[in-house]
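On a predicted model such as this, the values are computed, not experimentally measured, just so you know.
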Amino acid sequence: MWDKFMEEFQEKLEKIRQGGGPKRIEKQHAAGKMTARERIDYLVDPGSFVEFGAFVKHRSTEFGLDKVEAPADGVVTGFATINGRLVGIASQDFTVLGGSVGEMHGIKIAELLDKAMLYGVPVIMINDSGGARIQEGVDSLRGYGDIFYRNVKASGYIPQIAVIMGPCAGGAVYSPALMDFVVMSPSSYMFITGPNVIKAVTGEDVTKESLGGPQVHATISGNAHLVGDSEEHTLDLVKELLSYLPQNAKERPPIYETADPINRTIDDVFDIVPAEAKMPFDVRQLITRFVDDGHFFEIMPGFAPNIVIGFARLGGQVIGIIANQPSYFAGVLDINASDKAARFIRTLDAFNIPIVTLVDTPGYMPGTNQEYGGIIRHGAKLLYAYSEATVPKVTLILRKSFGGAYLAMASKHLASDVVMAYPTAQIAVMEATGAANIIFRKEIQNAPDPEKAREEKIREYREKLLNPYVAAARYYIDDIIDPRATRPMIYNALQIAKSKDIHEKLPKKHGNMPL
Ligand code: HXC
């Protein structure tokens with residue numbers, strides 16, 4: 001008797017596991033892509049995946065769909081552990097109706113998000129889809145709506161990671177855009193309207209890759225946080241990213257043991273950070289010297305490289321780093337740098353990750369391009385995000401720290417917990433040449449030798465104001481430190497601020513961030 005039931009069950013299960021069938025799987029492999037199930041297998045701890053809704057079927061009868069079987073309705077959903085920590089996963093199956101989102105497909109993802117919120121675990125959404133299932137019409141749009149709404153509800157409570165491993169087009173792009181991180185594989189692409197529509201509307205000739213390939217989103221649009229160089233590497237990046245995040249906003253990220261002594265000094269720091277403020281250097285060289293085991297997990301490395309953001313650990317505890325990059329446009333703050341950093345600060349704050357800020361910037365970028373683009377609004381995001389963040393905030397001013405950028409880069413005035421400076425720090429309203437030209441304009445003009453007078457005034461300004469001691473005397477910075485002790489000094493500051501407890505007292509719904 002059991003045989004009959006088991007035979008039917010095994011047959012159905014096998015069909016579901018085959019997705020769109022051997023031919024389409026072969027096509028998927030030939031394109032250098034894993035199937036939806038292979039991706040899950042690669043990502044999770046062996047044997048830990050518990051699938052929900054494998055037997056779901058669509059109920060559409062239009063346009064021949066009554067004759068089409070769509071195993072699992074084109075998306076594999078469930079829960080698994082990654083390095084022992086529970087996550088919710090949805091993996092779209094391109095071999096089944098092009099991974100398109102029909103009514104049931106949408107319901108499965110929406111329910112996964114609901115459950116992930118209920119259990120307080122991160123969600124990973126692997127996108128590989130032709131978009132809304134055209135045959136199902138408005139029912140498929142409803143599916144997207146349900147997903148978007150839950151993405152927003154879950155935002156700031158559970159980490160949400162979108163992995164793009166194939167097409168992600170049209171309105172479908174807005175689920176990844178609403179999530180915390182977007183990780184792209186080499187053969188993926190994202191766009192609102194594809195090359196054909198663009199050609200028809202604007203006449204522009206573009207390819208899928210040049211319009212929305214991973215390099216475009218990693219360097220030009222800023223929509224991608226990380227890009228893998230293979231499908232496996234893409235999923236490895238997701239695993240590492242998760243290791244820096246807590247399960248939800250009520251928890252802290254996991255602590256990892258390290259053999260790296262917390263009192264380790266950086267003896268070659270004077271070779272890394274030039275004392276001359278105008279000399280460029282790669283701030284990542286300093287970061288890798290003071291964090292645990294020299295490991296820095298950079299986020300969005302190719303977009304707005306004038307600011308560096310990423311995760312690391314200090315004494316085993318996760319920290320988020322925001323650092324001006326003096327080797328790219330002197331570390332100037334522009335629209336993209338402000339957006340990049342502000343969004344990351346909010347992500348860190350949402351997930352209880354302390355913020356370490358390294359300051360070395362000449363200020364906000366001048367020019368019509370930036371002004372017309374709204375640098376006032378975008379730059380304000382940085383101030384807003386730092387002011388709003390209640391996690392421990394430790395700031396180290398390395399060299400240049402002028403004007404609005406001094407204030408915006410996690411100054412004491414925006415409630416940073418500990419602000420320190422190297423002896424090379426220059427904290428002032430502006431740099432010396434510009435300052436001397438403005439405040440001593442008449443004296444310079446009227447001097448018998450204006451050039452000599454200008455040089456003298458610049459020197460005078462530099463000596464009087466371009467140092468950390470004036471700010472320290474006003475107690476705008478807490479300490480001036482020996483750069484060799486960067487690692488223990490930042491660690492100790494974070495330890496002090498660790499137990500801080502801030503509750504917003506004003507009776508408001510939420511602030512009104514300049515978006
Ligand atoms: C139904 C779809 C589909 C879709 C693909 N398929 N997209 N079925 N609805 N949206 C099916 C194909 O018919 C095909 O079926 C199989 O999936 C694989 O597709 P191919 O075209 O053979 O694959 P490929 O050559 O790799 O091209 C991939 C593609 C192309 C570029 C994604 O399929 C495509 O252009 N699809 C339509 C994209 C689109 O316009 N979607 C609607 C966007 S609007 P068979 O049986 O032959 O294997 C949208 C609105 C969302 O998404 C709104 C949210 C607010």
Side-chain angles (χ1 to χ4, degrees), residues 39-52 76-91 108-126 147 149-163 175-176 178-183 225-226 234-258 292 295 297 299 309-321 343-355 389-392 494 498-502:
R39 286 168 179 160
I40 293 177
D41 283 347
Y42 185 86
L43 189 61
V44 308
D45 298 339
S48 70
F49 184 58
V50 178
E51 185 171 353
F52 289 157
V76 184
T77 56
F79 289 82
T81 60
I82 293 178
N83 294 323
R85 302 166 75 212
L86 192 68
V87 294
I89 302 173
S91 182
K108 282 179 74 177
I109 299 174
E111 188 163 319
L112 181 86
L113 283 160
D114 282 337
K115 287 200 166 113
M117 278 186 265
L118 191 63
Y119 308 141
V121 301
V123 131
I124 298 164
M125 168 77 201
I126 302 176
I147 296 168
Y149 180 73
R150 282 159 180 80
N151 285 145
V152 175
K153 249 176 87 172
S155 181
Y157 180 56
I158 50 170
Q160 301 183 80
I161 301 173
V163 197
S175 177
L178 289 167
M179 298 176 93
D180 300 301
F181 294 97
V182 176
V183 186
H225 295 86
L226 295 162
T234 304
L235 296 171
D236 289 341
L237 291 171
V238 174
K239 283 193 217 186
E240 174 155 15
L241 181 55
L242 275 171
S243 77
Y244 297 104
L245 300 169
Q247 290 294 86
N248 59 60
K250 291 188 293 188
E251 297 181 8
R252 289 186 177 179
I255 293 173
Y256 285 72
E257 293 280 315
T258 176
D292 287 353
H295 187 61
F297 188 63
I299 304 290
I309 62 171
F311 296 101
R313 293 190 181 86
L314 203 55
Q317 295 165 28
V318 175
I319 55 170
I321 296 174
R343 168 87 164 142
F344 191 56
I345 291 162
R346 297 197 97 215
T347 306
L348 298 173
D349 189 47
F351 296 120
N352 306 316
I353 301 169
I355 300 169
T390 55
V391 288
L494 286 170
K498 204 170 157 183
S499 57
K500 89 187 213 195
D501 191 9
I502 295 178

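- Ser155 meets the side chain to side chain donor-acceptor pair (under 3.5 Å) test with no other residue; sequence neighbours excluded.
- Taking CD1 from Ile161 and CD1 from Ile124, the interatomic distance works out to 5.5 Å, rounded to the nearest 0.5 Å.
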Evaluate the criterion side chain to side chain contact (heavy atoms under 4.5 Å, CB included) for residue pair Val238 and Leu43; output intermediate values, then yes/no. CA-CA 8 Å; Val238 174; Leu43 189 61; 4.2 Å; yes
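- Side-chain contact between Leu112 and Phe79: present, with at least one pair of heavy atoms (C-beta onward) separated by less than 4.5 Å.
- The distance from the CD1 atom of Ile299 to the CZ atom of Phe181 is 5.5 Å, given to the nearest 0.5 Å.
- Of all non-hydrogen atoms in Leu86 and Gln247, the two that sit nearest each other are O-NE2, 2.9 Å.
- A distance of 15.0 Å separates CG in Leu245 from CZ in Arg252, rounded to the nearest 0.5 Å.
- Looking only at distances, a side-chain donor or acceptor of His225 sits under 3.5 Å from a matching main-chain atom of Val182.
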Check residues 113-123 and write down every donor-acceptor pair under 3.5 Å in which the side-chain atom is one partner and the other belongs to a residue at least two apart or another chain.
{"from": "Asp114", "atom 1": "OD1", "to": "Arg150", "atom 2": "NE", "distance (Å)": "3.0"}
{"from": "Asp114", "atom 1": "OD2", "to": "Arg150", "atom 2": "NE", "distance (Å)": "3.0"}
{"from": "Lys115", "atom 1": "NZ", "to": "Glu111", "atom 2": "OE2", "distance (Å)": "2.8"}

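- For the pair Lys250/Tyr157, a side-chain contact is recorded, criterion being any heavy-atom separation below 4.5 Å from C-beta on.
- Pairing each heavy atom of Ile321 with each of Ala312, the nearest pair is CD1-CB, 4.1 Å.
- For Lys153, the NZ atom counts as loosely surrounded, since its 6.0 Å shell holds 12 or fewer non-hydrogen atoms of other residues, nucleotides or ligands.
- Side-chain contact check for Thr81 versus Phe49: every heavy-atom pair is 4.5 Å or farther apart.
- Taking CG from Asn83 and CD from Glu240, the interatomic distance works out to 10.5 Å, rounded to the nearest 0.5 Å.
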Would Arg313 and Tyr244 count as a side chain to side chain contact (heavy atoms under 4.5 Å, CB included) here? Give the steps. CA-CA 9 Å; Arg313 293 190 181 86; Tyr244 297 104; 3.6 Å; yes
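- Between the side chains of Thr347 and Asp180, no donor-acceptor pair of N or O atoms lies under 3.5 Å.
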Going through the distances and angles, do Asn151 and Gln160 end up as a side chain to side chain contact (heavy atoms under 4.5 Å, CB included)? CA-CA 8 Å; Asn151 285 145; Gln160 301 183 80; 2.9 Å; yes
Output, in order, the C-alpha distance, side-chain angles, deciding distance and verdict of side chain to side chain contact (heavy atoms under 4.5 Å, CB included) for Leu235 and Arg39. CA-CA 8 Å; Leu235 296 171; Arg39 286 168 179 160; 4.2 Å; yes
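- Of all non-hydrogen atoms in Val391 and Leu348, the two that sit nearest each other are CG1-O, 4.1 Å.
- Ring-centre distance between Phe344 and Phe311: below the 6.0 Å cut-off.
- Annotation for Ala389 and Ile355: closest pair CB-CD1, 4.1 Å, computed over non-hydrogen atoms.
- By the 4.5 Å heavy-atom criterion applied to side chains, Pro159 and Phe351 are counted as neighbours.
- Rounding to the nearest 0.5 angstrom, the gap separating the OG atom in Ser91 from the CD1 atom in Ile40 is 4.5 Å.
- Asp236 and Tyr42 are linked by a side-chain donor-acceptor pair at a separation below 3.5 angstrom, with hydrogens and angles left out of the test.
- The main-chain N or O of Gly316 is never found under 3.5 Å from a side-chain atom of Thr258 such that the two would form a donor-acceptor pair.
- Closest of all the heavy-atom pairs between Ala80 and Ile89 is CB-CD1, 4.3 Å.
- Here the shortest heavy-atom pairing between Val44 and Ile82 reads CA-CG1, 4.0 Å.
- Judged by distance alone, with hydrogens and angles left aside, the side-chain atoms of Thr77 form a donor-acceptor pair with the main-chain N or O of Phe52 at under 3.5 Å.
- The closest side-chain heavy-atom distance from Gln317 to Lys498 is below 4.5 Å.
- Asn352 places a side-chain N or O within donor-acceptor distance of the main-chain N or O of Ala249, the cut-off being under 3.5 Å.
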